[in-house]
Amino acid sequence: MNNTLFENSNSNIPIDETARQLYFCEKAAAHVKELAERLGRKPTCCVTTFGCQMNARDSEKLAGILERVGYEMIEDENADFVIFNTCTVRDNANQRVYGRLGVLNGYKRKNPHMKIALCGCMMQEPTVIEKLKTSYRFVDLIFGTHNIFRFAELLTATFEQKGMIIDIWEGTDKIVEDLPIERKYSYKSGINIMFGCNNFCSYCIVPYVRGRERSRNPKDILREIKNLVADGVVEIMLLGQNVNSYGKNLEEPMTFAQLLREIEKIEGLQRIRFMTSHPKDLSDELIQVMKESKKICRHLHLPLQSGSTRILNVMNRRYTKEQYLALAERIRREIPDIAITTDIIVGFPGETPEDVEETIDVIRKVKYDNAFTFIYSKRTGTPAAAMEQVPEDVVKVGFDKVLKTVQDTAREQVARYQGQIMEALVEEVNENDASLVTGRLSNNTLVHFPGDASLIGRIVEVSLDECHGFYYMGHMV
Ligand code: 5AD
Ligand code: SF4
């Protein structure tokens, strides 16, 4: 359904996609100006993000357009334009969106010119669109993951067309560069290096909602990072569903490790992070590059999902328990100060208490610094949805056991550096105590220490005085 909202026969509309969207930015800006005159104030907007870092980055693109066309960004959802950038990886993400939409409906009743928009992963599901069409008629605009670069155009349409506008594409091979972006943080930024995913893990909806894997051109990535650094960014996070398979579909193929080597050379850039790594694609070349690098952070997020080879096989993960353990051991041997974090799913169809024990065994052996533990959520259309599900009470017992093991090993791991001095990038003034600032170590652990807002964005040396479970209290040295 790659329909164009505005006909290409209108000869004023540029053909180049970036130029096209900048053209629509101007059109939308004229409408927003008119609205401002009517209201006697600058119209406000609010972008709410659900889900992962990819979505957070997409939201910065939405914010970039909204600010460019004249909205004032606020945190409050009682705004003149509200957009939810949704996630659908687990069902509870969907439920939260429906709940919050109910609240928006209340705001809109009191403020009829309010516009409500929905985008992101959840919108790529046909059943969601059906539900919105029947029960959520007050929504003005709905689009998906593939045409987010058309936001300026879609926004213009909400001013020029009546009724609910729905524009969902089934896929795209387009990567549109150089559209406005409004960063949330001045000193750090995410950067997409690839879009989509080709792995088809049997529980996961992502390949269906984010489409096939496409890598961005290294030239565009490097140019974007250089511009960010010139603008004060010191830490970047390279984003992709499976960064280890970066570059395979480029005209001139390039590995992720080679890309990292190029990024390392950028002067002024101080820290490089990336996520997510699929264990099956993590190369020795990457371990080598990380080991030699002065800028790549000592943190690797390496989703395990399950420690049972039998379950891993049904999950279509394409590694065994032993292969995963060997990989983790290799990484720890080469880079001893690295923090390894993971994602674990409990309650995948057919999982037995013995399978859960295998997962616990891996947690004990790898000693994760942190692990996100999820209860399996059935996603319509994925192969696992058709498999026999584990009863809820059994899942709960396994989940609690896994969580407890994770917390115990993480506490021990994080505490390894007590008494040492490490570099921390200061991120913000502490939320609970304004006399403290919060910094992030290279290994992703947080440390709170006395300081003020003038330190934000700076990398400083901090003594890690006291470990409190998952974070440190310290002082600057
Ligand atoms: N149920 C539960 N957790 C899931 N994840 C992905 N799909 C599901 C699902 N259907 C988890 C995986 C993944 C993380 C982003 O979300 O652990 O790594
Ligand atoms: Fe991110 Fe996946 Fe959620 Fe989409 S569905 S927002 S890709 S976690």
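Computed from a predicted model, the values in this text were never measured in an experiment. Atoms within each ligand, like the ligands themselves, are counted from 1 in listed order. Because only heavy atoms are used, hydrogens play no part in the values below, and waters and symmetry mates are left out as well, while side chains stay in.
Of the N or O atoms in Tyr376, none lie within a sub-3.5 Å distance of an N or O in ligand 1. Ligand 1 has a nitrogen or oxygen under 3.5 angstrom from a nitrogen or oxygen of Asp343.
Every residue two or more places apart in sequence or in another chain was checked for a salt bridge (charged side-chain N to carboxylate O under 4.0 Å, His left out) with Glu182, and none qualifies. Judged as a salt bridge (charged side-chain N to carboxylate O under 4.0 Å, His left out), and not counting sequence neighbours, the contacts of Lys174 are Glu17.
Contact atoms of ligand 1 toward Gln305: 12 (C), 13 (C), 17 (O), 18 (O) (distance under 4.0 Å to a heavy atom of the residue).
For Tyr376 and Tyr203, the distance between ring centers is not under 6.0 angstrom. In summary, the aromatic rings of Phe399 and Phe374 are positioned with their centroids too far apart to meet the 6.0 Å limit.
Ion pairing of Asp337 with Arg298 is present here, as a side-chain N (NZ or NE/NH1/NH2) and a carboxylate O approach within less than 4.0 Å.
Contact analysis leaves Ile205 out of contact with ligand 1, as no non-hydrogen atom separation drops below 4.0 angstrom.
Contacts with ligand 1 closer than 4.0 Å are made by side-chain heavy atoms of Phe374 only, the backbone lying farther away.
Between the choices Thr382, Thr342, Ile345, Asn92, the shortest heavy-atom distance to atom 4 (C) of ligand 1 belongs to Ile345.
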